[in-house]
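Just below is one structure, and these are the notes that go with it.
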Amino acid sequence: MRVLGIDPGVATTGFGVVERVGGKMAPLDLGVIRTPSGTPHETRLATLRAALAALIRRHEPDVVAVERLFFNSNVKTAMAVGQASGMALLAAAEAGLSVTTYTPSEVKQSVVGVGSASKHQVQAMIAVLLGLDAPPSPPDAADACALAICHINRAGLSHAVARALR
């Protein structure tokens with residue numbers, strides 16, 4: 001299973017492509033997409049969609065996992081993240097891929113074992129789980145890898161439950 005994890009944001013969107021072969025997870029690509037400040041908002045969103053579409057074409061993931069905005073008291077930030085998330089959903093839909101969304105606490109619980117884990121704890125665990133020499137930086141890239149790993153973990157569990165119920 002190959003999963004593209006996306007931590008959406010207009011200025012910075014984290015991405016992580018993680019593949020599970022057998023019982024082992026391997027990072028295929030991770031980093032961030034940055035859109036130029038000072039350009040019109042709609043141009044930044046178009047740039048983000050194009051970059052995500054290029055990642056999908058390059059890595060051919062089976063599925064996309066996107067962070068779901070759970071709560072944000074800053075309406076302006078929530079709107080921007082929602083719009084960036086929309087670009088991720090659009091890029092996936094254009095490629096015919098299904099998308100699963102996860103809240104930050106669901107991701108932290110799946111990857112670290114604690115839903116209130118810190119960014120540092122998530123970065124450290126991603127390094128361990130993916131066999132990296134150092135924690136991914138910036139944190140957006142680590143968060144995107146965590147989304148991909150969360151989906152891999154949950155998909156495996158869902159598959160096992162479905163088999164047991166047959």
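Heads up: numbering here begins at 1 and tracks the sequence. Computed from a predicted model, the values in this text were never measured in an experiment.
- Taken together through direct or relayed side-chain contacts under 4.5 Å among Ile, Leu, Val, Met, Phe, Trp and Tyr, Val18 and Leu28 form parts of separate hydrophobic clusters.
- For the pair Thr35 and Arg44, the tightest heavy-atom approach, listed with the atom from each and the gap, is OG1-NE, 2.9 Å.
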Side chain to side chain contact (heavy atoms under 4.5 Å, CB included) between Val63 and Val99, intermediate numbers included: CA-CA 6 Å; Val63 67; Val99 176; over 6 Å; no

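- Every residue was checked against the side-chain hydrogen bond (donor to acceptor under 3.5 Å, both in side chains) condition with His120, not counting sequence neighbours, and none meets it.
- Across all their heavy atoms, Ala144 and Gly16 have their closest contact at CB-N, 3.4 Å.
- With sequence neighbours excluded, the residues satisfying side-chain contact (heavy atoms from CB on, under 4.5 Å) with Arg34 are Thr12, Val32, Pro138.
- Taking the side-chain hydrogen bond (donor to acceptor under 3.5 Å, both in side chains) definition, one finds that Asp143 meets it with Lys119, sequence neighbours left out.
- Rounding to the nearest 0.5 Å places CD of Glu67 at 13.0 Å from OH of Tyr102.
- Partners of Asp29 by salt bridge (Lys or Arg N to Asp or Glu O under 4.0 Å), not counting sequence neighbours, listed by chain and number: Arg58.
- Checking side-chain atoms of Ser110 against main-chain N and O of Val107 turns up no donor-acceptor pair under 3.5 Å.
- How far CD1 of Ile6 is from CG of Asp140: 13.0 Å, rounded to the nearest 0.5 Å.
- Interatomic distance, His151 NE2 to Thr100 OG1, rounded to the nearest 0.5 Å: 4.5 Å.
- Not counting sequence neighbours, the partners of Glu19 by the side-chain hydrogen bond (donor to acceptor under 3.5 Å, both in side chains) test are Arg2.
- Residues Val3 and Phe15 are members of separate hydrophobic clusters, defined by side-chain heavy-atom contacts under 4.5 angstrom among Ile, Leu, Val, Met, Phe, Trp and Tyr.
- Remark: the backbone N or O of Glu106 is not paired with any side-chain donor or acceptor of Gln109 at under 3.5 angstrom.
- Two residues are said to be in side-chain contact when any heavy atoms from C-beta on lie closer than 4.5 Å; Leu45 and Val10 meet this criterion.
- Ile126 places a side-chain heavy atom less than 4.5 Å from the side chain of Ile149.
- In the hydrophobic cluster analysis, where Ile, Leu, Val, Met, Phe, Trp and Tyr join through side-chain heavy atoms closer than 4.5 angstrom, Val66 is grouped apart from Leu147.
- In this structure, His59 and Leu4 have side chains that are not in contact, with every pair of non-hydrogen atoms separated by 4.5 Å or more.
- Closest approach of Ala92 to Val64, counting heavy atoms only: CB-CG2, 3.9 Å.
- The distance from the SG atom of Cys145 to the CE atom of Met125 is 14.0 Å, given to the nearest 0.5 Å.
- There is no path of hydrophobic side-chain contacts, each under 4.5 Å, that joins Ile152 to Leu97.
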Got a list of side-chain donor-acceptor pairs under 3.5 Å for residues 47-57, not counting sequence neighbours?
residue: Thr47; atom: OG1; partner: Thr43; partner atom: O; Å: 2.9
residue: Arg49; atom: NH1; partner: Glu94; partner atom: OE1; Å: 2.9

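- Considering only heavy atoms from C-beta on, Val17 stays 4.5 Å or farther from Pro27 through its side chain.
- Using modelled atom types, one side-chain atom of Lys108 and one backbone atom of Ala117 make a donor-acceptor pair closer than 3.5 Å.
- When all heavy atoms are compared, the tightest approach of Ala148 to Gly5 is CB-N, 4.0 Å.
- Rounding to the nearest 0.5 Å places CE of Met25 at 7.0 Å from CG of Leu130.
- Nearest heavy-atom pair, Pro8 versus Ser85, reported as atom, atom and distance to 0.1 Å: CB-N, 3.7 Å.
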